[in-house]
Amino acid sequence: MTDAATNMRLKLPIICFILQIILIILFGVLVQYDHETDAREWHNHTHSEYDNDFYYRYPSFQDVHVMIFIGFGFLMTFLQRYGFSSVGFNFLIAAFALQWATLMQGFFHGMHGGKIHIGVESMINADFCTGSVLISFGAVLGKTSPVQLLVMAIFEVTLFAVNEFILLSALGAKDAGGSMTIHTFGAYFGLMVTRVLYRPNLDKSKHRNCSVYHSDLFAMIGTIYLWMFWPSFNSAITAHGDDQHRTAMNTYYSLAACTLATYGMSALTAHDGKLDMVHIQNAALAGGVAAGTAGEMMLTPFGSMIVGFLAGIISVLGYKFLSPILEEKLKIQDTCGVHNLHGMPGVLGAIVGAVTAAVATKDVYGKGMEDVFPDVASGEVEASFQGVRQAISLAVTLGMALLGGLIVGFILKLPVFGAPPDTICFEDSIYWEVPGEEECHEDQLTTVRTEESEKLNS
Amino acid sequence: MTDAATNMRLKLPIICFILQIILIILFGVLVQYDHETDAREWHNHTHSEYDNDFYYRYPSFQDVHVMIFIGFGFLMTFLQRYGFSSVGFNFLIAAFALQWATLMQGFFHGMHGGKIHIGVESMINADFCTGSVLISFGAVLGKTSPVQLLVMAIFEVTLFAVNEFILLSALGAKDAGGSMTIHTFGAYFGLMVTRVLYRPNLDKSKHRNCSVYHSDLFAMIGTIYLWMFWPSFNSAITAHGDDQHRTAMNTYYSLAACTLATYGMSALTAHDGKLDMVHIQNAALAGGVAAGTAGEMMLTPFGSMIVGFLAGIISVLGYKFLSPILEEKLKIQDTCGVHNLHGMPGVLGAIVGAVTAAVATKDVYGKGMEDVFPDVASGEVEASFQGVRQAISLAVTLGMALLGGLIVGFILKLPVFGAPPDTICFEDSIYWEVPGEEECHEDQLTTVRTEESEKLNS
Amino acid sequence: MTDAATNMRLKLPIICFILQIILIILFGVLVQYDHETDAREWHNHTHSEYDNDFYYRYPSFQDVHVMIFIGFGFLMTFLQRYGFSSVGFNFLIAAFALQWATLMQGFFHGMHGGKIHIGVESMINADFCTGSVLISFGAVLGKTSPVQLLVMAIFEVTLFAVNEFILLSALGAKDAGGSMTIHTFGAYFGLMVTRVLYRPNLDKSKHRNCSVYHSDLFAMIGTIYLWMFWPSFNSAITAHGDDQHRTAMNTYYSLAACTLATYGMSALTAHDGKLDMVHIQNAALAGGVAAGTAGEMMLTPFGSMIVGFLAGIISVLGYKFLSPILEEKLKIQDTCGVHNLHGMPGVLGAIVGAVTAAVATKDVYGKGMEDVFPDVASGEVEASFQGVRQAISLAVTLGMALLGGLIVGFILKLPVFGAPPDTICFEDSIYWEVPGEEECHEDQLTTVRTEESEKLNS
């Protein structure tokens, strides 16, 4: 089932080792403990051990970590014969991307005497950037080799860091949960990549591009973990105190409202009034995406629920009506429907964030304005202009994502990366030793078949 | 396989949208950030960011959240063809119940100038109330439509809040981990509902009311998560400091002792000395239920282990001997055996709580008495009377649960809610699009069958 | 399929009940709340509630708890027909071992007026000791009865506590993440046990000693949880502040580098350039093991990545080349390959720890030296001698593990414990009621077969 082109014996080791060795060298040259992880620096000052940011953020970090590795990884196991690749390639590219993101984000977020300082906050940011790559992975799922995915990650992480720098530092936008930086960017980048990699004959693998009963249950593990920990995701790097607290709560209610909308819309639109697992697995999460920008603002639970409710409706409608159009008319083969889960809800989140920022008042935020909108608090800009900044940020993100995806898509077309042929997409056995081909299984399967054969013949 | 009555195309969207829109409106009118989530309020006072309750309780909240969505959801996937519904309906009714519980509990727990104030503690309480509904779901699992479940949740959440108010506020009982409020209430409510919904011809679906190999492994995911995070559950809303610490530890040892008792009893009672997955999946958790009331008290690890040990024994005996009697004599069809996991251990926990409260002394508790038994510390009541309060609370809970379940059971009998017929219980495909019926699968299955057929014929 | 010798009807209940009753009695006599869990003691002093160690360590504890019960339990579900036993026996022996470890470690770590004081730190230590037993379980997986496993746990926990006491108290070594105390000890103990229990005719069960598609996915749940939470594991009992922060971060980067090395080596060495699930499931974790000793030191992210990179390479090479040799030449049947995941990486971690300790300078650690190397900070020993201590500790651990495993192996050979025969190893149905043998399934399977038969015949 494997021909020379897709054989990974040399390609994958070469890229893994080269990348890891480069990373190690760059970490050796550039990276240092920050003043909260360095033994000497931390003990140079008098403070409570609790002042260490570790205690504010590490539980959130671990929740985000679970979302990245279990959440994204298992969400994509819905395909019947692509579970090893879904979890396994997710694991590989995430392990690479978080290291590379540490460097890229450290470079753009400001270096200290030529050194990148790292701690729990940079770890969360690295995981966030990784999430963006994994969203793009969802768009090309089943149609790419691990080498292609690593190459995509190299470029996407870099562009992510540039875009994040423009938004948060240059434009002064707020986007704690990454509706723009993570979701919109990752989705439209991935959609453009999959557009460039368009396979007119993908229907040759159509019979594998669907789920089986247990693969859908595995995918629900991913869904539920993403759903549960999204409040931690959105609040992981907001300011301490009320900000983290409020963001988590807003996201919690947005997701709950989104879930009811999803079930309602799924029964309404799906075949014969039956619920569709694709909707439940994905659209129920749109409320977390859509609360990514405004979650830290004084959105109120009421506002959060409206946002989540709309996100769920939009997302199901996207799966039902828009995805087929994107595939047929625009030739965008979006395996996981990231446009519906991350793309449109991300744009919705960005818009909600812009509006919520524009209507912020001193009366509502009090002294808390400094945490949420420091430039508004300092009088540097009006709240309405903060809204404009947010809107510009969305436009920049879309532009960066689409342009970046275009270029990277063409790079990934190089034949050297070992992409699977059209006939063997969505199939683990092209890159994995899959049980059932081993000797010990052969024995057993023979036994079973013989038994069945006897029963059938008797 | 679906007839008009069970078709959800209109019923489910209507109830989802109506409920969610009502929730949004009520949240808009009634709900506000509390002073730890509100930007202005929090910044109005001088305090360390760490004083924000978020840091005391959010890790516990997330553990509880995992128990509600993964724990309960996957515990019920043991049925061979009901995994989508187990996880999926669990997800739906939990997402609804936590919103509705926020309102109901906020209403009864005291409003502030006509407003309900919410934060991480109310989120935990909402999840707790949701847990009670999910316990009742376990009793009726496989025999109800999602619309019935939502209707049940509407009423059960309301009654839960009333009962909780009576116990904790009016009677001054202590029940941090909810042996009474959550487990006893949820179990007996659900048992009464399933009694009223008795199906004499349920054996027509008997062949689906059992597990397969991998469905039992999925269920173990639920079991293990419930088991691991039960210490967080019982300690999530106790007083800060020693109370949270002690409660978590008591529960940890209670569960460990319960597990050994469960394995021993399972081998002793089950067929041919073999372990029964039903016992392991359920009875091993009874130690957490039984430590729900006394866990925050000075129960000692020694006392906790005795309680857990007894709970495990009772629970296995219940599955082995009592459940068949309940079904045959009392016509209680308790799919998950919630009587054995939540009912009897909950009552045991309530009794242990009453006794432990009655013997509390200043000598043992010191100034910590204020946290655990404030009325005893203030001299308002004697410890022995606190024990009486606890016992009365158990009786009230049982009465509320049975009466509530009776009424709600009859409401759920209305034919409009789309309950499945006796012949198609414990079956996903009545409410879900199940893979294997799709075209792409049909293709593939045909291929496989053809191959097999060729092999068999050759 | 079960004969009298392996029947657990009396053996398992007897050992479970006797052990649990002994534990309860010993806890009643010996165990007390420590001053942070005791109501009176905690309230005797004035302090912030946050000073309670619960808030520093409970989130880490829960992560460790997940590793023990989900991580180890599901990692071993890769076998096609041993999932119930993998998760279920893991659950049983962990529930026993954590109680017994509380006593043994409490005894050796110093008693207070004849009493063992317990709190969240002792809970983490008990889970750590349990982890060591579960590593040994991995070596004998599929070839032992639950009674044998409990007997093994009794002795191994005891020896673990002795070895830990010698290392940490007598020798003054540092080993926060347990490269030596947990991984090296558990691995070589288990390898020696499985050597003594060598089965020359194990190939009679060879057809069951391999995975199927979905069992490999279940195993990936274990892998990913271990991978994600290893930073919490290594940092769970380090000093507060920078130490916990630094240890978590070092482990995070060690694991990431290890993962790329694993994928590269797997494709390089495995059949036809395809990735091997055995490598991914196991070798990718070696970076956590290898960072267990030096993780709390000023290893730097650079150093951590080198360690992880080497650990991944060594581990894959071990699976590919060393394991077959160990089995054929040394008659060590290591089911899970714990030598490759815990043995060699543990030794590597110990060596890295010794070297890192030996080169520690005041210049690098500043006042933080007191946390990491208190004896060096106090001037009692030179850093180089601390390195020698570490190296001696490794030798002691290897000796204790091999000698202990030898003795315990012979004890486990007693025929009374009900070990499975060679022909029925790696098989759940010998100790579990497995679905598919029940009446209700028989019915259904008949139906399905009849349908298929009809289709094939038509």
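Each chain gets a letter, A, B and so on, in the order its sequence line appears, and its residues count up from 1.
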Under 4.5 Å to a heavy atom of chain B? For A:M369 that would be neither

Comparing A:G366, A:A267, A:A239, A:C258 against chain B, the one with the most heavy-atom pairs below 4.5 Å turns out to be A:A267

Nearest heavy-atom approach of A:G264 to B:P13 is O-CG, 3.2 Å

OG of A:S266 to CD of B:E433, rounded to nearest 0.5 Å, is 7.5 Å

Does a donor on one side chain and an acceptor on the other come within less than 3.5 Å for A:D51 and B:Y50?
no

Could you check if a side-chain atom of A:M249 sits within less than 4.5 angstrom of a side-chain atom of B:V120, using non-hydrogen atoms only? no

### Evaluation steps, side chain to side chain donor-acceptor pair (under 3.5 Å), between A:Y252 and B:D127
CA-CA 11 Å; A:Y252 173 81; B:D127 267 34; 2.9 Å; yes

Counting C-beta onward and ignoring hydrogens, is there a side-chain heavy-atom pair between A:Y253 and B:T102 closer than 4.5 Å? yes

request  = Determine the interplanar angle of the B:W432 and A:Y263 rings, folded into 0 to 90°, and report it as parallel if under 30°, tilted if 30 to 60°, perpendicular if over 60°.
outcome  = perpendicular

| said: Please determine whether side chain to side chain donor-acceptor pair (under 3.5 Å) holds for the pair B:Y58 and A:S235, giving the CA-CA distance in whole Å, both sets of side-chain angles, and the decisive distance to 0.1 Å. | reply: CA-CA 11 Å; B:Y58 189 71; A:S235 66; 4.8 Å; no

CG (A:D242) and CG (B:N44) are apart, to the nearest 0.5 Å, by 11.0 Å

A:W230-B:H65 aromatic ring centre distance below 6.0 Å
no

Looking only at A:S232, A:S304, A:S60, most heavy-atom pairs under 4.5 Å shared with chain B are made by A:S232

* Please confirm whether the backbone N or O of B:Y55 pairs with a side-chain atom of A:Q244, one donor and one acceptor, at under 3.5 Å? => no

Turns out that what part of A:S215 lies under 4.5 Å from chain B's heavy atoms comes down to neither

Quick one: are B:L12 and A:L275 in side-chain contact, heavy atoms under 4.5 Å? yes

Side chains of B:F54 and A:H240, heavy atoms from C-beta outward: is any pair under 4.5 Å? no

Separation between CD1 (B:I18) and CG (A:L260), nearest 0.5 Å, reads 12.0 Å

Most heavy-atom pairs under 4.5 Å with chain A, out of B:V87, B:L23, B:V66, B:V31, belong to B:V66

**Report entry** pair A:P59-B:Q62: side-chain heavy atoms closer than 4.5 Å
**Finding:** no

- request: May I ask you to check whether A:D371 and B:H43 show a side-chain donor-acceptor distance below 3.5 Å?
  value: yes

Separation between CG (A:D243) and OG1 (B:T37), nearest 0.5 Å, reads 11.0 Å

Per-residue tally against chain B (heavy atom, under 4.5 Å) across A:F229, A:Y56, A:W227 peaks at A:Y56

Does any part of the side chain of A:H245, heavy atoms only, come nearer than 4.5 Å to the side chain of B:Y33, both counted from C-beta?
no

For a 4.5 angstrom cut-off between non-hydrogen side-chain atoms, does A:I221 reach B:F74? yes

From the list B:W42, B:F91, B:F69, the residue making the most non-hydrogen contacts under 4.5 Å with chain A is B:F91

- Query: Quick check, are the ring centers of A:F309 and B:F17 under 6.0 angstrom apart?
  - Reply: yes

Donor-acceptor pair, side chain of A:K274 and main chain of B:S429, under 3.5 angstrom:
yes

Applying a strict 4.5 Å limit to non-hydrogen atoms, the region of A:V278 in contact with chain B is neither

For B:I70 and A:M228 the tightest heavy-atom approach is CG1-CE, 3.4 Å

So, the part of B:I21 with a heavy atom under 4.5 Å from chain A: the answer is side chain

Between A:G273 and B:N7 the two heavy atoms that sit nearest each other are CA-OD1, 3.7 Å

>> Any heavy-atom pair between the side chains of B:I25 and A:F302 that's under 4.5 Å?
In response: no

In terms of heavy-atom contacts, B:N52 and A:G241 come closest through ND2-C, 3.4 Å

Bottom line for A:N250: the part with an atom under 4.5 Å from chain B's heavy atoms is side chain

Next item on the list: Please check if atom CD in A:E370 has more than 12 non-hydrogen atoms from other residues, nucleotides or ligands closer than 6.0 Å.
Entry: no

* **B:D38-A:Y365 side chain donor-acceptor pair, cut-off 3.5 Å** => no

B:R40 side chain to A:K367 backbone, donor-acceptor under 3.5 Å:
no

